[in-house]
There are 2 protein chains.
Amino acid sequence: MNSQALSPPVKRIADSTVRRLSIYLRFLEEFEGRGLSTVSSEELARRGGTTSAQVRKDLSFFGSFGKRGLGYSVPELSTSLREILGLGRGWRVVIIGAGKIGAALAQYRGFRQRGFQIVAAYDSNAEKIGGTLEGIEIRDMHRFEADVEKDHPEIAVLAVPMEHAQAVLDRVARAGIKAVLNFAPVQLHAPADMTVKTVNMAMELEGLTFALTNQGV
Amino acid sequence: MNSQALSPPVKRIADSTVRRLSIYLRFLEEFEGRGLSTVSSEELARRGGTTSAQVRKDLSFFGSFGKRGLGYSVPELSTSLREILGLGRGWRVVIIGAGKIGAALAQYRGFRQRGFQIVAAYDSNAEKIGGTLEGIEIRDMHRFEADVEKDHPEIAVLAVPMEHAQAVLDRVARAGIKAVLNFAPVQLHAPADMTVKTVNMAMELEGLTFALTNQGV
DNA sequence: GAGTGCTTGTGAATTCATTCACAAAGTAGC
DNA sequence: GCTACTTTGTGAATGAATTCACAAGCACTC
Ligand SMILES: NC(=O)c1ccc[n+]([C@@H]2O[C@H](COP(=O)([O-])OP(=O)(O)OC[C@H]3O[C@@H](n4cnc5c(N)ncnc54)[C@H](O)[C@@H]3O)[C@@H](O)[C@H]2O)c1
Ligand SMILES: NC(=O)c1ccc[n+]([C@@H]2O[C@H](COP(=O)([O-])OP(=O)(O)OC[C@H]3O[C@@H](n4cnc5c(N)ncnc54)[C@H](O)[C@@H]3O)[C@@H](O)[C@H]2O)c1
């Protein structure tokens, strides 16, 4: 098989696989920084807390990237993973809800580093509109639909109070944005052609307290 | 079977099950607020984006909570789920890293509401030490081990730069804390008796860009 | 108190994900 | 060019999670 041409993913790829690809990419970038030229599936697995067979299987869904007896070329695999994950290009992001979480995200360097450009923030509170969030303009939520037509953001970050999250999601969907990162601790219902990922800290915390009460000493 | 006595979980409970229990609890609390007295597995499933069989299976790991022909008593099931998830009591939490994310978390009402009490924040930056984060004292990281001996926090939230995350985790582990919520975008290696949950926003975003590039139009 | 309708609880069947295990393909040394 | 050694890529085997499907239980009516 050819390591250049990315096979189009033939069957649906599991979420767990995609998350692991992200993890591998992070290590590869670290290795790249240290000037290492090759890495084995064994080494990637050790760092990522999985098995070498898992690493090879994950990659095999997209093609053949390694050299038997040698491992994977660090720069080549990095490039391939970035391409697979859609990081080979820039993405325009809007933040909706210029509160505490919105502010933390606006200044987060990790986003810009990976090609996510925050084009605007939106809020419905008159006191916030017109101000800036770490240099990003806070716009009136009334302008949202009109702005989307102009700016064509691909991703919306939802950082509004949970009571408003579903209503805002509906607006985002109608405006034609197909990807949402949601911070409100609610299950959102979205059209089938939209992808919504929810970061639910309360849920993670409850995972911890469950472990503490059930597996704990 | 008896709906009062919680069966101790006989076999290891899947993470996915615990996350869904959190979701169900959230709806139950909403129903409780609206004064509804019973709910069916079908209704819970519809709201939570799963199937009724899944809801019943999830609950069955812990006992028998429903009445055939009728459904589940909202207040009883809420109480049981809170107990299962370890929310029947308070938890002491420390935040390590009084930066942007630490500040957003410190003021987050969702924590207190669920019985998580933030007892202190820690930082290594002399300019921050002695100040407060939303009313919570920012202490010198040097005091950390001594304070843990006194305060016995059960949960640590890690909000330090990624370069320091593993070193701080090691300190947390040595101090005897067994549960960590990590916000640094790195895979952490922890002792087996410790539970670490990582909230990795970059990874979620990459899940979105993967979907946009591969499932997209 | 028998009949009807609804909903749970749970084995069995199925689907999905991970791990095993090994042939194939490469490197390196001589 | 042959041998020894390493590591990939992938079918087959195993294991885990979800869905199916239905007997059993309860409420309500007549
Ligand atoms: N702060 C945290 O650490 C934290 C943690 C986890 C989850 N969350 C969730 O993130 C969300 C935001 O939290 P926060 O702490 O930043 O709250 P916040 O109150 O600081 O910010 C919310 C912002 O949204 C704006 N807003 C309200 N309704 C709006 C609408 N319809 N359209 C546009 N903007 C609107 C408000 O004016 C406000 O500026 C909440 O759902 C919260 O549960 C926060
Ligand atoms: N800001 C975001 O929206 C965001 C999003 C996702 C992930 N993160 C991650 O969260 C972490 C914190 O991000 P932030 O934006 O709050 O950064 P920040 O720079 O605002 O805060 C980090 C804080 O940690 C302190 N610190 C550094 N080393 C320490 C140590 N050894 N012990 C104790 N304290 C120490 C610093 O003094 C600083 O106050 C980072 O790992 C970041 O990648 C942040």
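A, B, ... follow the sequence lines: proteins, then strands. Residue 1 opens every chain. Note: hydrogens, waters and symmetry copies are ignored here, and every other heavy atom, side chains too, is used.
Atom CD1 in B/Ile13 sits roughly 13 Å away from atom P in D/dA16 (whole-Å rounding). D/dC26 atom C1' lies 14 Å from atom OH of B/Tyr72, rounded to whole Å. Separating the CD atom of B/Glu76 from the C1' atom of C/dT8 is a distance of 15 Å, rounded to the nearest angstrom. Atom CZ of A/Phe65 is separated from atom P of D/dT8 by 14 Å (rounded to the nearest Å). One interatomic measurement links the two molecules: CD of A/Gln54 to P of D/dT14, which rounds to 18 Å at whole-angstrom precision. Taking atom CG of residue A/Leu59 and atom P of nucleotide C/dT18, one finds them 14 Å apart after rounding to whole Å. One interatomic measurement links the two molecules: CG of A/Asp15 to P of C/dA17, which rounds to 9 Å at whole-angstrom precision. In this structure, CZ of B/Phe61 is placed 13 Å from P of C/dG9, rounded to the nearest angstrom.
Near DNA chain D, defined here as any heavy-atom distance below 4.0 Å, there are no residues from residues 185-194 of chain B. Scanning residues 17-46 of chain B for heavy-atom distances under 4.0 Å to DNA chain C yields B/Ser40, B/Ser41.
For B/Lys57, whose side chain is taken as the heavy atoms from C-beta onward, the closest listed nucleotide among C/dG9, D/dA17, C/dG11 is C/dG11. Each of C/dT10, C/dA17, D/dG11 was ranked by its minimum atom distance to the side chain of B/Ser60; first place goes to C/dT10.
No salt bridge links B/Glu206 with A/Lys197; every basic N to acidic carboxylate O contact stays at or beyond 4.0 Å.
Each of A/Ser16 and A/Arg56 lies near DNA chain C, and the nucleotide nearest A/Ser16 is the one positioned closer to the 5' end.
Within the model, atoms CD1 of A/Ile118 and CG of A/Leu133 stand 8.5 Å from one another, a figure rounded to the nearest 0.5 Å.
The end-to-end axis angle of the helix from C/dG1-D/dC30 to C/dC30-D/dG1, rounded to 10 degrees and based on five pairs per end, is 10°.
Side-chain N/O atoms of B/Glu204 and B/Asn200 include no donor and acceptor closer than 3.5 Å. No donor-acceptor contact under 3.5 angstrom links the side chains of A/Arg56 and A/Ser60, judged on distance only.
In terms of the side chain to side chain contact (heavy atoms under 4.5 Å, CB included) criterion, residue partners of B/Glu30 (sequence neighbours excluded) are, by chain and number, B/Phe27, B/Arg34, B/Arg47. A search for salt bridge (charged side-chain N to carboxylate O under 4.0 Å, His left out) contacts involving A/Glu32 returns A/Arg82, not counting sequence neighbours. Evaluation of the side chain to side chain contact (heavy atoms under 4.5 Å, CB included) rule for B/Arg46 yields B/Glu43 as partners, not counting sequence neighbours. Annotation: salt bridge (charged side-chain N to carboxylate O under 4.0 Å, His left out) contacts of B/Lys67 (sequence neighbours excluded): none. Listed by chain and number, the residues in a side chain to side chain contact (heavy atoms under 4.5 Å, CB included) with B/Arg109 are B/Gln113 (sequence neighbours excluded). Residues that satisfy the salt bridge (charged side-chain N to carboxylate O under 4.0 Å, His left out) test with B/Asp123, not counting sequence neighbours, are absent from this structure. Residues passing the salt bridge (charged side-chain N to carboxylate O under 4.0 Å, His left out) test with B/Arg112: none are found, sequence neighbours excluded.
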Could you list all N or O pairs between the protein and nucleotides 24-30 of chain C that sit under 3.5 Å apart?
unit_1: C/dA24; atom_1: N3; unit_2: A/Arg68; atom_2: NH1; d: 2.8

Cut-off 3.5 Å, no hydrogens considered: what does the side-chain donor-acceptor table look like for residues 84-103 of chain A, sequence neighbours left out?
unit_1: A/Arg89; atom_1: NH2; unit_2: A/Glu154; atom_2: OE2; d: 2.8
unit_1: A/Trp91; atom_1: NE1; unit_2: A/Gly86; atom_2: O; d: 2.7
unit_1: A/Arg92; atom_1: NE; unit_2: A/Asp151; atom_2: O; d: 3.0
unit_1: A/Arg92; atom_1: NE; unit_2: A/His152; atom_2: O; d: 3.2
unit_1: A/Arg92; atom_1: NH2; unit_2: A/His152; atom_2: O; d: 3.2
unit_1: A/Arg92; atom_1: NH2; unit_2: A/Glu154; atom_2: OE2; d: 3.2
unit_1: A/Lys100; atom_1: NZ; unit_2: B/Glu134; atom_2: OE2; d: 2.3

For this session: Output, in order, the C-alpha distance, side-chain angles, deciding distance and verdict of ring pair (Phe, Tyr, Trp, His ring centres under 6.0 Å) for A/Tyr72 and A/Phe65.
Result: CA-CA 7 Å; A/Tyr72 301 89; A/Phe65 305 97; 7.6 Å; no
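Taking every heavy atom of both residues into account, A/Ala202 and B/Arg26 meet most closely at CB-NH2, 3.4 Å.
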